Amino acid sequence: MPNEPKRSPYRSVLKAFALMSTISSYIIGAVLVGVFGGRWLDQWLGTGSVFLITLLLAGLITAMYGIYTTVMRFTEDNDDNNV
């Protein structure tokens with residue numbers, strides 16, 4: 001369309017940087033919450049490494065789901081902009 005506003009050439013770079021930052025935040029957050037929460041529960045309850053492993057795996061699964069939904073939203077936005 002002739003009346004579309006001009007887009008900055010840096011917009012796609014900034015969106016990609018935001019996507020990578022979000023993905024790394026999900027992964028780092030999941031690992032930290034799983035490790036620290038699991039270690040604290042294991043020390044408090046006197047168990048071996050049961051909660052450490054369980055919470056780490058649960059955090060990683062949650063992070064994968066969050067990453068999946070974020071990437072799907074990102075690709076939908078790109079598909080809408082290219083039409």
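Since this is a predicted model, take the numbers as computed values, not measurements. The first residue of the sequence shown is numbered 1, and numbering continues consecutively from there.
Sequence neighbours left out, the pairs with a member in residues 45-59 that pass side-chain hydrogen bond (donor to acceptor under 3.5 Å, both in side chains) are Asp42-Thr47. Residues in residues 43-71 take part in these ring pair (Phe, Tyr, Trp, His ring centres under 6.0 Å) pairs, two or more places apart or across chains: Trp40-Trp44.
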Test Thr62 against Tyr26 for side-chain contact (heavy atoms from CB on, under 4.5 Å), laying out the working first. CA-CA 9 Å; Thr62 304; Tyr26 273 121; over 6 Å; no
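Scored by the side chain to side chain contact (heavy atoms under 4.5 Å, CB included) test, Leu32 finds Ile28, Phe36 as partners (sequence neighbours excluded). Applying the side chain to side chain donor-acceptor pair (under 3.5 Å) test to Ser24 and every residue at least two apart in sequence or in another chain returns nothing. Residues satisfying the side chain to side chain contact (heavy atoms under 4.5 Å, CB included) test with Val71, not counting sequence neighbours, are Leu19, Ile23, Ile67, Thr75.
Through side-chain heavy atoms spaced under 4.5 Å, either directly or across other Ile, Leu, Val, Met, Phe, Trp or Tyr residues, Leu57 is tied to Ile53.
Results of the side chain to side chain contact (heavy atoms under 4.5 Å, CB included) test with Leu55 over Leu41, Val50, Val33, Leu60 single out Leu41 as the only residue that passes.
The two residues Ala30 and Gly59 come nearest to each other via the heavy atoms CB-O, 3.1 Å.
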